[in-house]
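These values consider heavy atoms only, across backbone and side chains, with no hydrogens, waters or symmetry-generated copies.
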Amino acid sequence: MSARSTRRSFLSRSLTAGALFSFGDLGFLAGLPAVSADDAKGTPGGVSLRDEIAPLVKLIETTPRNRLLEEVAQRIRKGLGYRELLAALQLASVINVEPRPSVGFKFHAVLAVNSCHLASLSSPPEHRWLPIFWALDNYKSSEARDVEERGDWRMGAVDEAAVPHAHNALSAFEDAMANWDVAAADAAVAGLSRTAGANEVYESMFRLGARDFRSIGHKAIFVANSFRTLQCIGWEHAEPILRSLAYAMTMYDGGNPATSDHEADRPYRINSRRIQEIRPEWRGGTIDAGATREMLATLRSANYDDASAKAVELLNKGVSPQSLWDAFQVCAGEQVLRQPAIVGLHAATTTNALAFAYRTTASDETRRLLMLQNASFLTMFRDAQGGRGGVRNVTVDELEPAANDASGDLDAVFSSIGGSGSTASVKTLGWLKRDGNPQQLIDAARVLVYLKSRDAHDYKFSSAILEDYAHISPQWRDVFLAANVNLLPGSTRGDSGLVERTRAALEG
C-alpha cells in the first residue's frame with residue numbers, strides 16, 4: 001500500500017466529513033521515508049551510538065530556529081533515521097536546558113520529547129515525523145528562554161575524581177539523593193550510567209520521582225519519560241540524561257528537605273511507613289466499581305493522609321489495585337472537568353507517569369508506595385486548584401448524554417471544546433454512547449494536536465490520556481475520555497502554523 005493511500009484510509013477512519021476536518025493535505029509527508037513501527041519502538045538493548053550523533057546534536061544546538069526544520073529535513077532525505085534524530089534531540093535538550101528554577105516551564109523541551117515520541121508511535125507510519133519536528137521547534141524556543149533566564153546554562157563536565165567505584169555507585173547515589181546533595185548525586189549517577197543497567201537504575205528513580213510534590217508532578221513525569229525514551233534510543237545515551245534527571249530531582253526551595261519539614265515531603269514519609277500495613281496478597285483482589293466510587297469520594301474531600309489510608313483500607317478488604325487506579329485516573333479527569341487548566345492537566349499527566357512506573361517496576365514495595373503517593377498527590381492537586389478559583393461544581397457522576405442531541409458527530413464534539421460548562425464532555429459521552437468508535441475520536445484528536453498545538457502541554461496531556469484510556473476498566477473509559485476532552489485542542493483553535501512550516505521544509 002502506498003503512503004498516500006495509507007494516509008487517506010487513516011483520515012477516513014479518524015475523521016468525519018464536515019468543517020472540522022478541512023485540515024489541508026498532509027500528503028507532503030509521503031516524500032519522506034516512512035518510520036516503521038520497529039524503528040519507532042527501538043530494539044532490545046537500544047542502538048549503537050553512531051558517529052553522526054555528536055554532529056547532529058551540534059546541528060540542533062547551533063542552527064537558528066528559523067532554519068532548523070529545513071536542515072533536519074535535508075538530512076532525513078539523505079537517510080537520517082528516526083531514532084538517531086530522537087536521540088540527538090533528547091541529548092541537546094538535557095545538555096542545554098536547565099531544570100531550574102523549576103522542573104517545568106522551559107524544561108518542557110526535555111519533558112515533552114517522550115510525549116512526542118508516544119504520539120509518533122500511535123500515528124500511521126507516514127505521520128510519525130510530525131511530532132518530532134514539533135519537538136525540534138519547541139526545543140529552540142526553550143533554549144532561547146534558558147539563555148534569558150539562566151545565562152545560557154550548559155551541563156558541565158563530570159567531576160571524575162568524585163565518581164564512585166562500580167561496586168558502591170548505587171549506594172553512593174542513594175545516599176546523595178537522601179541528602180539532596182547535587183554534586184554528589186551528579187558524580188554518582190554518572191558512575192551508575194557506566195556500570196549499571198537500566199532496570200537497576202530506574203528502580204531507584206521510580207521511588208525518587210514520587211518522593212515529593214514540588215513542580216506539580218514534573219519529577220515523576222521526567223522519570224517515566226526519560227526511561228521510555230532511553231528504551232528507544234539506547235542506554236549508551238544514558239549518562240547526560242540521568243545527570244539531568246538527578247539534577248531535576250534534587251530541586252527544592254527553602255531549607256534542605258533532609259533536615260526540614262516541608263509539606264511537599266510529608267506524604268512520602270507517611271506512606272513509606274504505611275505501605276507495611278497492606279496485606280501481603282494485595283495484588284489479587286476483586287475489581288469493584290463500588291470501591292472505585294468510594295475512593296473517588298474520598299479523593300474529593302480528604303487530605304493526603306486520609307486519602308492514602310483509604311487506599312490501604314480498600315486493598316485490605318480485598319479490592320483489586322485496578323479499582324484504585326480507575327479511581328485515580330478518573331479523579332484526575334474530574335479535576336480537568338472541574339477546572340480545565342494547568343493544575344488538572346498535571347494531575348492527569350502525573351497519574352499517567354506514576355501508573356507507568358507502577359506497571360514497570362519489579363519491586364512490590366515500590367508498587368505499593370506509588371499507589372499511596374498517587375492518592376495523596378491527587379488531594380494536593382485538588383487543593384491547588386481551589387487556590388486558583390473558578391472551579392466548577394461538577395463531578396463525573398453527573399455526566400449524562402444530552403437528551404435528543406442531534407449534533408453528536410465528531411464535528412460537534414471538537415467544535416464544542418473550549419466552550420462553557422461541560423458541553424464538550426456531554427457531547428463526547430453522547431457520541432460514545434451512540435455506538436461511537438472511541439478510536440475514531442482518539443485518531444482525530446491526534447491530528448488536531450499536530451495542527452493546533454500551542455505548547456508542550458498539548459502533547460504531554462494528549463499522549464497521557466490517550467494512552468491511559470486503554471488501561472482503565474471498560475466501564476470507566478467513556479466517562480474518563482469525556483472528562484478529559486476539555487483540554488484537547490478543539491477545532492476552533494487557530495492552527496499553529498507548524499505543519500505549513502514542516503511542509504515548506506520537506507518540499508524545499
One pair to check against side-chain contact (heavy atoms from CB on, under 4.5 Å): V319 and M295. What are the steps and the verdict?
CA-CA 11 Å; V319 172; M295 189 74 236; over 6 Å; no
So E148 and R145, salt bridge (charged side-chain N to carboxylate O under 4.0 Å, His left out) or not? Walk me through it.
CA-CA 5 Å; E148 294 173 4; R145 288 184 63 185; 5.9 Å; no
Between S422 and S425, does the side chain to side chain donor-acceptor pair (under 3.5 Å) criterion hold? Intermediate values first, please.
CA-CA 5 Å; S422 305; S425 294; 5.5 Å; no
Apply side chain to side chain donor-acceptor pair (under 3.5 Å) to S491 and D411, showing your working.
CA-CA 8 Å; S491 60; D411 277 340; over 6 Å; no
Could you walk me through whether S473 and I287 pass side-chain contact (heavy atoms from CB on, under 4.5 Å), step by step?
CA-CA 9 Å; S473 296; I287 295 177; 4.2 Å; yes
Run the side-chain contact (heavy atoms from CB on, under 4.5 Å) check on R392 and N486 step by step: do they pass?
CA-CA 13 Å; R392 298 172 183 166; N486 293 277; 4.2 Å; yes
For E365 and R207, what are the C-alpha separation, side-chain angles and deciding distance, and is it a salt bridge (charged side-chain N to carboxylate O under 4.0 Å, His left out)?
CA-CA 10 Å; E365 180 176 294; R207 295 194 305 273; 5.6 Å; no
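Under the rule for a side chain to side chain contact (heavy atoms under 4.5 Å, CB included), the partners of R493 that lie at least two apart in sequence or sit in another chain are K452, R454, D458, P489. Applying the ring-ring contact (aromatic ring centres under 6.0 Å, His included) test to F222 and every residue at least two apart in sequence or in another chain returns F107.
Of all the heavy atoms in P401 and G430, the pair that sits closest is CB-CA, 3.6 Å. The minimum heavy-atom distance linking A483 with G333 is given by the pair CB-O, 3.4 Å. In terms of heavy-atom proximity, A302 sits nearest to A307 at CB-N, 4.1 Å. In this structure, Q335 and L378 approach most closely via the heavy-atom pair NE2-O, 3.1 Å. In this structure, I241 and I233 approach most closely via the heavy-atom pair CD1-CD1, 4.0 Å. Residues T250 and Y252 come closest through the heavy atom pair O-CD2, 3.4 Å.
A donor-acceptor contact under 3.5 angstrom links the side chains of Q373 and N271, judged on distance only. A side-chain donor from one of S215 and S102 sits under 3.5 Å from a side-chain acceptor of the other.
Using a 4.0 Å cut-off between charged side-chain N and carboxylate O, D364 and R368 make a salt bridge. Checked for salt-bridge contact, R269 and D261 meet the test: a charged N lies under 4.0 Å from a carboxylate O. Ionic pairing of D137 and R501 is present here: one or more N-O contacts between side-chain nitrogen and carboxylate oxygen are shorter than 4.0 angstrom.
Between the side chain of S308 and the backbone N or O of D305, at least one donor-acceptor pair lies under 3.5 Å. Between the side chain of S142 and the backbone N or O of Y139, no donor-acceptor pair lies under 3.5 Å. Side-chain atoms of T292 come within 3.5 Å of backbone atoms of S323 as a donor-acceptor pair (strictly under, hydrogens ignored). Of the possible donor and acceptor atoms, none in the side chain of S93 sits under 3.5 Å from a partner among the backbone N and O of V110. Judged purely by atom type and a 3.5 angstrom limit, N225 uses its side chain to pair as donor or acceptor with the backbone of L111. Looking at R283, its side chain never comes within 3.5 Å of a backbone N or O of P321 through a donor-acceptor pair. Here the side chain of N114 pairs no donor or acceptor atom with the backbone of H117 at under 3.5 angstrom. Distance alone, capped at 3.5 Å, is enough to place a donor-acceptor pair between the E203 side chain and the A362 backbone. R446 places no side-chain N or O within donor-acceptor distance of the main-chain N or O of I442, the cut-off being under 3.5 Å. Not a single donor-acceptor pair under 3.5 Å links the side chain of S122 to the backbone N or O of A119.
Under the 30°/60° scheme for interplanar angles, the aromatic rings of H346 and H108 are found to be tilted. Between F213 and F381, the ring planes are perpendicular. Angles over 60° get that label, and only those under 30° would be called parallel. The aromatic rings of F227 and F356 sit tilted relative to each other, their planes meeting at an angle between 30° and 60°.
Contact annotation: the side chain of H218 approaches that of K460 to within less than 4.5 Å [non-hydrogen atoms, C-beta and beyond]. Contact check for K310 versus D306: no side-chain heavy atoms found under the 4.5 Å cut-off. For the pair Y459/N138, no side-chain contact is recorded, criterion being any heavy-atom separation below 4.5 Å from C-beta on.
Within the structure, salt bridge (Lys or Arg N to Asp or Glu O under 4.0 Å) contacts touching residues 208-227 (residues at least two apart or in different chains) are D212-R214, D212-K219, R214-D265. Residue pairs meeting the salt bridge (Lys or Arg N to Asp or Glu O under 4.0 Å) criterion with at least one partner in residues 326-341, sequence neighbours excluded, are R300-E334. Counting only residues at least two apart or in different chains, ring pair (Phe, Tyr, Trp, His ring centres under 6.0 Å) contacts with residues 318-337 comprise W325-F328, W325-Y358. The salt bridge (Lys or Arg N to Asp or Glu O under 4.0 Å) analysis of residues 371-387, with sequence neighbours excluded, yields no pairs.
To the nearest 0.5 Å, the span separating OG1 on T349 from CG on L487 amounts to 10.0 Å.
When the shell of 6.0 Å around CZ of R388 is examined, it contains 12 or fewer heavy atoms from other residues, nucleotides or ligands. By the neighbour-count criterion of 12 heavy atoms within 6.0 Å, atom CZ of F105 is sparsely surrounded, having that number or fewer from other residues, nucleotides or ligands.
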